[in-house]
Protein chains: 2
Amino acid sequence: MARNARYDRQIALDKAMNLFWERGYAGASMKQIEQALDMRPGSIYATFGSKDGLFSEALAAYARRSGLELREHLAGNSSVLDGLQEHLRCIARQASPGGESPSRACMVVKTLLEASNTNTAIANQANSILSAIEQALTELLEQAKLQGELAPGTHCARLARLLQAQIIGLRSFAQREISSEQVAELAEDMAAMLDHYRARH
Amino acid sequence: MARNARYDRQIALDKAMNLFWERGYAGASMKQIEQALDMRPGSIYATFGSKDGLFSEALAAYARRSGLELREHLAGNSSVLDGLQEHLRCIARQASPGGESPSRACMVVKTLLEASNTNTAIANQANSILSAIEQALTELLEQAKLQGELAPGTHCARLARLLQAQIIGLRSFAQREISSEQVAELAEDMAAMLDHYRARH
DNA sequence: ACTGTTTTTGAGCGTTCACTCAAGTTATCA
DNA sequence: TGATAACTTGAGTGAACGCTCAAAAACAGT
């Protein structure tokens, strides 16, 4: 009865995510978005409603992608702590200069810092994502404690927050003009810090 | 022979700094700046040249202020490491919800993340400031090593970068909707991490 | 008080912003 | 193949952007 859309919603969303990740919410104009998605304004607004709506979906897509990445790193290691340390090193590799990422820093953190006092809805979304990540890390660490990897007295929620702050610090630090070697060293020092929470044998 | 300026340059700069710190570069419009400084556009442009120029001076003022704060915390402690730990705790106190700061996050980091792919000049300035802080921390730690506070084998430049990443992580994390108690715990955990680098007696 | 210089003022400049919608185009199904 | 419904198009909307400048106002020195 009717015509099909010329664009794949997921592909368009991915392109939008990359642009927003690189330039931020205010830094990406609709003109640039039109060019990146190869879509005219009418199509964009018919599909995503508004710039806010598009950004919101792009941020959600980014969070989904990041979650998958963490789970992959964990799946590669039988030990939770080893997996988390591998995750830190992998972040350092991705966040090194010359990488193909739109930005070395985390899009959620960029969003949180940009939107906190200017766009409540978007800031709330960033908050929710970080809260969910904290929760996931806490559960992961609880599991590690049960398996005897972590010292029995470990306060897992607290360690999860420390770990999240480490990751935020690592990725934001990597946004500086700095050598990939120094970023790798930083990740290594953070991984070493995790060792102090291991159970003693 | 002529009229004096009605405005104190430093006071105006301070107000601009607070607005930019709160809302970011793009998030603070000239209209809002006019209102915050109680100055009309002509006066602002005569004094600071452009929005970029004003922001640049405001960022420099912020960096100066932050440097003074660190030196104060250090002066209060005879030990360098104690001073740095006190500094972490003080950051946590300032970055707690309900504080009077325009933003819990660091203005330099906010600027770095916002400007990195949109405004080269401003991003370079943020980079320089962070580089100078790293340098200052390195020298501070070298001094601590000479005084026997740090383990003799400590790689001070590397520890300085780790410390900077901690501070960036702490302050960015604090931008989340989170209790002041949890921010304080996070600072405490970071301070504890510094203890691992102390010389053993 | 007058003069000379500087500062302040604010209407308004051109541009860019996010966004709209009537008209045109195209795939689908009878 | 023609009718129909959905999608695409892009010129154009009003508002907000950073910024300018001629005129008015205010002080310092004579």
Side-chain angles (χ1 to χ4, degrees), chain A residues 1-59 111 114-115 117-123 125, chain B residues 1-59 111 114-115 117-123 125:
Chain A
M1 289 268 274
R3 190 179 173 185
N4 290 333
R6 184 164 70 81
Y7 309 110
D8 184 306
R9 199 176 205 281
Q10 283 307 317
I11 291 174
L13 214 42
D14 224 58
K15 290 175 180 167
M17 182 195 81
N18 282 326
L19 185 66
F20 279 130
W21 186 5
E22 180 183 348
R23 304 185 58 87
Y25 176 79
S29 73
M30 284 308 298
K31 291 259 184 271
Q32 293 170 324
I33 293 169
E34 289 166 30
Q35 194 171 359
L37 307 200
D38 189 26
M39 288 171 76
R40 260 38 65 195
S43 296
I44 296 176
Y45 282 88
T47 311
F48 300 105
S50 65
K51 188 186 178 185
D52 266 75
L54 174 58
F55 184 88
S56 176
E57 290 201 45
L59 186 60
T111 301
E114 180 185 358
N117 298 304
T118 50
N119 191 324
T120 311
I122 289 180
Q125 189 182 350
Chain B
M1 288 270 272
R3 190 179 174 182
N4 289 333
R6 187 163 68 81
Y7 309 110
D8 183 308
R9 198 174 205 281
Q10 283 306 318
I11 291 174
L13 213 43
D14 224 57
K15 290 174 179 169
M17 183 196 81
N18 283 325
L19 186 66
F20 279 130
W21 186 7
E22 179 182 348
R23 304 185 57 87
Y25 177 78
S29 74
M30 284 307 298
K31 292 260 184 265
Q32 293 170 323
I33 293 168
E34 288 165 31
Q35 195 170 358
L37 308 200
D38 189 26
M39 288 171 78
R40 260 39 64 196
S43 297
I44 296 175
Y45 282 87
T47 311
F48 300 105
S50 64
K51 189 187 178 185
D52 267 74
L54 175 58
F55 184 88
S56 176
E57 290 202 43
L59 186 60
T111 301
E114 180 184 358
N117 298 303
T118 50
N119 191 323
T120 311
I122 288 179
Q125 189 181 350

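If you're wondering where the values come from, they're calculated on a predicted model, not measured in any experiment. We name chains A, B, ... by the order of the sequence lines, and we start the count at 1 in each one.
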> Is A:Arg6 paired with A:Asp8 through a side-chain N to carboxylate O contact shorter than 4.0 Å?
Replying inline: no
> salt bridge (charged side-chain N to carboxylate O under 4.0 Å, His left out): which pairs involve residues 48-58 of chain B, sequence neighbours left out?
Replying inline: B:Arg9-B:Glu57
> For the side chain of A:Lys31, counting heavy atoms from C-beta on, which of C:dC17, C:dT9, D:dT9 is nearest?
Replying inline: C:dC17
>> Among residues 41-57 of chain A, which ones have heavy-atom contacts with DNA chain C below 4.0 Å?
In response: A:Pro41, A:Gly42, A:Tyr45, A:Ser50, A:Lys51
> Between B:Met30 (CE) and C:dG10 (C1'), how many Å, whole number?
Replying inline: 13 Å
> Which whole-number value in Å describes the distance from B:Ile33 CD1 to D:dC17 P?
Replying inline: 10 Å
>> Restricting to side chain to side chain donor-acceptor pair (under 3.5 Å), what partner residues turn up for A:Ser56, sequence neighbours left out?
In response: A:Gln125
> DNA chain D: B:Gln32 or B:Asn4, which has the more 5' nearest nucleotide?
Replying inline: B:Gln32
>> Considering only residues two or more places apart or on different chains, which pairs with a residue in residues 28-37 of chain A satisfy salt bridge (charged side-chain N to carboxylate O under 4.0 Å, His left out)?
In response: none
> Which atom names give the shortest non-hydrogen contact between B:Glu114 and B:Ala26, and what distance separates them?
Replying inline: OE2-N, 2.9 Å
> Where along residues 18-29 of chain A does a heavy atom come under 4.0 Å from DNA chain C, residue by residue in number order?
Replying inline: A:Ala28, A:Ser29
>> A:Glu22: which residues meet the side chain to side chain donor-acceptor pair (under 3.5 Å) condition with it, sequence neighbours left out?
In response: none
> Can you name the closest pair of heavy atoms from B:Leu37 and B:Ala16 and give their distance?
Replying inline: CD2-N, 3.5 Å
>> Give the residues of residues 6-17 of chain B touching DNA chain C, defined as any heavy atom closer than 4.0 Å, sorted by residue number.
In response: B:Arg6, B:Tyr7
>> What is the separation between atom CG on A:Leu37 and atom P on C:dA18, rounded to the nearest whole Å?
In response: 13 Å
>> Testing the basics here: between B:Leu19 and B:Ala36, what is the closest heavy-atom pair and its distance to 0.1 Å?
In response: CD2-CB, 4.2 Å
> With B:Asp14, which residues qualify under salt bridge (Lys or Arg N to Asp or Glu O under 4.0 Å), at least two apart?
Replying inline: none
> Atom CD1 of A:Ile122 and atom CG of A:Leu59: how far apart are they, to the nearest 0.5 Å?
Replying inline: 8.0 Å
>> Based on the rotation axes of five pairs at each end, what angle does the helix from C:dA1-D:dT30 to C:dA30-D:dT1 bend through, to 10°?
In response: 10°
> What are the two closest non-hydrogen atoms of A:Gly27 and A:Gln32, and how far apart are they?
Replying inline: O-OE1, 3.2 Å
Which atom pairs link the protein and nucleotides 22-25 of chain C when you take only N or O atoms and keep those under 3.5 Å?
from	atom 1	to	atom 2	distance (Å)
C:dT25	O2	A:Arg3	NH1	3.0

> Excluding sequence neighbours, so at least two apart, what forms side-chain contact (heavy atoms from CB on, under 4.5 Å) with B:Asn4?
Replying inline: none
> Taking all atoms of both residues into account, what is the closest heavy-atom pair of A:Ser50 and A:Tyr45, and its distance?
Replying inline: CA-CE2, 3.7 Å
> With sequence neighbours excluded, what pairs up with B:Phe55 under the ring pair (Phe, Tyr, Trp, His ring centres under 6.0 Å) test?
Replying inline: B:Phe20, B:Tyr25
> Going from CG on B:Asp38 to CD1 on B:Ile44, what distance comes out if it is rounded to the nearest 0.5 angstrom?
Replying inline: 9.5 Å
> What is the distance, rounded to the nearest whole Å, between atom CZ of B:Arg40 and atom C1' of C:dG12?
Replying inline: 17 Å
>> Could you walk me through whether A:Ile33 and A:Arg23 satisfy the side chain to side chain contact (heavy atoms under 4.5 Å, CB included) test, starting with their C-alpha distance in whole Å, then the side-chain angles of each, then the deciding distance to 0.1 Å, before giving a yes or no?
In response: CA-CA 11 Å; A:Ile33 293 169; A:Arg23 304 185 58 87; over 6 Å; no
